[in-house]
Structures are given as structure tokens and as C-alpha cells.
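Read through the structure below, which is laid out as C-alpha cells, and then see the notes.
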There are 2 protein chains.
Amino acid sequence: MSVTDEYLRNNAEYAQSFKGPLPLPPSRQVAVVACMDARLNVYGVLGVAEGEAHVIRNAGGVVTDDAIRSLAISQHLLGTREIILIHHTDCGMLTFTDADFKQRLEDGTGLRPTWSAEAFPDLEEDVRQSVRRIERSPFVPHTESVRGFVFDVATGRLREVPAEV
Amino acid sequence: MSVTDEYLRNNAEYAQSFKGPLPLPPSRQVAVVACMDARLNVYGVLGVAEGEAHVIRNAGGVVTDDAIRSLAISQHLLGTREIILIHHTDCGMLTFTDADFKQRLEDGTGLRPTWSAEAFPDLEEDVRQSVRRIERSPFVPHTESVRGFVFDVATGRLREVPAEV
């Protein structure tokens with residue numbers, strides 16, 4: 001049995017006690033942008049319940065154009081106002097460079113991707129870079145509360161990254 | 001007190017019973033691509049525990065270049081093999097068109113985004129489109145198990161979308 005099939009069995013159990021439907025707009029008007037890392041369970045880490053917050057995730061928790069697209073839809077169409085950014089310790093994105101990864105893909109496939117891998121050498125600096133990308137985007141109107149954090153995969157704790165050094 | 005501050009208080013509680021660190025590579029070798037929707041708690045819906053699976057999310061759960069970037073890093077560098085795609089009923093992406101959203105942003109800011117909003121008129125067809133984008137990407141090598149689902153926000157159940165009509 002595949003892992004996917006196991007997860008589908010879990011879903012049958014989940015549905016038995018499920019209460020729905022909740023409204024479409026997030027009730028707490030928050031959007032979270034976090035790394036895809038398997039150890040970062042956003043619902044647990046923040047105590048978010050179903051229906052409260054948008055959750056946007058990608059490799060690194062980086063503010064890419066796609067994250068801006070999601071935040072623009074979140075704020076313009078679905079009423080969110082606060083943004084929480086979460087990177088984490090022991091992140092895979094610290095272990096390679098964009099150039100290495102592109103070369104690896106080119107070596108394996110003959111094709112070099114047109115996108116950046118968005119690897120970063122400094123965790124806190126990338127959190128600040130992500131905050132800046134949001135603050136300077138014309139498509140994200142509400143930037144009064146954009147706060148960046150590092151999740152410690154050893155302790156489960158969030159540590160806030162000061163806005164600028 | 002902001003919602004962000006409330007969530008930080010929740011985090012202090014979460015950390016008290018936290019057991020870490022777990023290894024970086026996802027233990028179940030799965031990557032999930034899901035919509036950012038607030039009602040779709042991927043951990044609950046699939047019964048995923050910390051450390052098991054990458055979770056990639058954006059507006060619509062669409063397979064954009066950024067999702068491909070994340071999946072490429074997930075498979076090439078961190079060993080995942082199965083992919084689970086999740087769209088859902090009552091999705092905001094069904095309620096507008098790319099042209100409308102771009103016009104709205106241009107009217108409000110004077111700037112037209114260079115990216116597509118990735119709205120879609122048909123839920124199942126967009127799941128299939130997303131599966132196809134993964135299967136045909138040169139940068140996602142393991143496509144033996146790429147399965148697409150619709151999450152029902154009323155019942156909590158996942159329904160599998162047949163591969164092609």
C-alpha cells in the first residue's frame with residue numbers, strides 16, 4: 001500500500017468528526033507564508049484552527065512571485081490583513097547554492113530552469129529579505145503587520161527576527 | 001493584541017510538549033501540493049504527523065513554476081517520491097477570472113502584474129491540469145504516484161479525480 005493510500009484511510013477517519021462548511025474568508029484575517037519543511041506543522045506551531053488563516057508554503061518559505069500572487073488574492077479578495085513569515089533552523093535551503101542546483105538539473109535533464117532555486121546562505125537575512133519583498137510589492141496593500149520568525153526544529157519555538165539590522 | 005501575538009502565545013504552549021529535532025528529509029517521502037484555503041488543514045485531512053511530508057501551498061493549489069521549484073528540491077535533494085494534489089470545493093479561484101483580477105490590480109495600483117492569477121473555471125479540470133504539469137515537467141523525476149483530489153469543505157472528505165476523461 002502506498003503512503004497516499006494510507007493517508008486516504010486517515011482521511012476517512014478525519015471526516016467522521018468533521019464539522020463543515022465554514023465560510024471561505026479566513027476568520028482571523030491572517031496569511032502565513034512558511035517553508036514546506038516536513039517538521040513545520042503550521043497549525044500546531046501557531047495553534048491555528050480550521051477556517052482561520054491562509055497558509056502559503058514553498059521551498060524555503062521564500063517570497064516569490066507566486067507567494068505575492070497568493071498574498072494579493074488573499075488580501076484583495078479574501079480580506080486578510082496580517083502576514084506571518086516562518087523560516088526554520090536546519091533548513092535545506094542553506095545547504096546548496098542556486099548555481100549548484102541549476103547545474104545539477106542541467107546535468108540530469110539537459111535543461112537549465114528559467115527560475116531561481118532561491119537558496120540562501122543566511123536564515124535571518126532571508127527572513128528580512130522576504131519581509132522587504134512584501135513591503136515593496138505594489139500588489140500587497142496591507143503591510144502594517146508583516147512579521148518574520150525563525151522556527152527552531154529542536155525546541156518548537158518561534159523566534160522573531162528584528163526588522164532591520 | 002494582534003492575531004499574530006495571540007498565535008505567538010499558542011506557540012509557547014506548543015513548544016512545551018514539543019519533541020525534536022526530527023530529521024530533515026520527510027520520513028514518508030511524500031510531497032503535498034494544496035490550496036492555501038483556511039479550511040484545508042492538510043495535517044488533519046491526511047493525518048500527517050510532523051516530519052512526514054513536505055507541504056506546498058498557494059492560491060488554488062496550482063502547479064506554478066514555484067510549485068515545480070519546490071517539488072524539484074523536494075525530490076532531487078530530499079528524497080520524496082509520491083505527490084498528492086489537493087484542490088477543494090467552494091474555492092475562491094472559481095469566483096473570478098485572470099483578466100478581472102489583473103484589471104483590478106491595475107486600476108488600484110497603476111501596475112499590471114506580469115504573472116497570471118491562475119484562476120480556473122472547472123475544479124476537476126484544474127486538478128488534471130496540475131497533474132499534467134507535473135508529469136510533463138523535466139525537473140520532477142518521480143511521477144509514478146501523482147494523484148489529484150478534491151477536498152469537500154462540507155464533509156471533510158477527499159475525492160480522487162480520475163486521471164483523464
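If you're wondering where the values come from, they're calculated on a predicted model, not measured in any experiment. Just so we're on the same page: letters track the sequence lines, and every chain starts at 1.
The aromatic rings of A:Phe101 and A:Phe96 sit tilted, their planes meeting at an angle between 30° and 60°.
When the candidates A:Val32, A:Leu78, A:Leu105, A:Thr114 are compared by the number of heavy-atom contacts under 4.5 Å with chain B, A:Leu105 comes out ahead.
For B:Leu8, the part lying under 4.5 angstrom from a heavy atom of chain A is the side chain only. In this structure, the portion of A:Pro23 lying under 4.5 Å from any heavy atom of chain B is its backbone and not its side chain. With a 4.5 angstrom heavy-atom cutoff, B:Val42 touches chain A only via backbone atoms. The contact between B:Val30 and chain A is made entirely by side chain atoms (from C-beta outward), counting heavy-atom distances below 4.5 Å. Only the side chain of A:Arg147 comes within less than 4.5 Å of a heavy atom in chain B; its backbone stays farther off. When heavy atoms are compared at a cutoff of 4.5 Å, A:Thr4 approaches chain B by way of both its backbone and its side chain. In this structure, chain A has a heavy atom under 4.5 Å from the side chain of B:Arg104, while its backbone stays farther away. Both the backbone and the side chain of B:Ala72 come within contact range of chain A, with heavy atoms under 4.5 Å apart. When heavy atoms are compared at a cutoff of 4.5 Å, A:Glu52 approaches chain B by way of both its backbone and its side chain. Looking at B:Ile84, the atoms closer than 4.5 Å to chain A (heavy atoms on both sides) all sit in the side chain, from C-beta outward. For a residue to count as touching a neighbouring chain, one of its non-hydrogen atoms must lie under 4.5 Å from one of that chain's; by this rule B:Arg112 touches chain A with the backbone only. For B:Glu6, the part lying near chain A is the side chain, with the backbone staying farther off; criterion is any non-hydrogen pair under 4.5 Å. Interface remark: B:Ser2 contributes backbone and side-chain atoms alike to the contact with chain A (heavy atom separation under 4.5 Å).
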Full working for salt bridge (Lys or Arg N to Asp or Glu O under 4.0 Å) between B:Arg39 and B:Asp90: CA-CA 10 Å; B:Arg39 298 160 297 179; B:Asp90 191 35; 2.8 Å; yes

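Side-chain contact check for A:Asp98 and A:Ser116: at least one donor-acceptor pair (N or O, by modelled atom type) lies under 3.5 Å. Under 3.5 Å, the side chains of A:Ser74 and A:Thr80 contain a donor-acceptor pair of N or O atoms.
The side-chain contact (heavy atoms from CB on, under 4.5 Å) with B:His87 is formed by just one residue from the set B:Phe149, B:Phe151, B:Phe120; it is B:Phe120.
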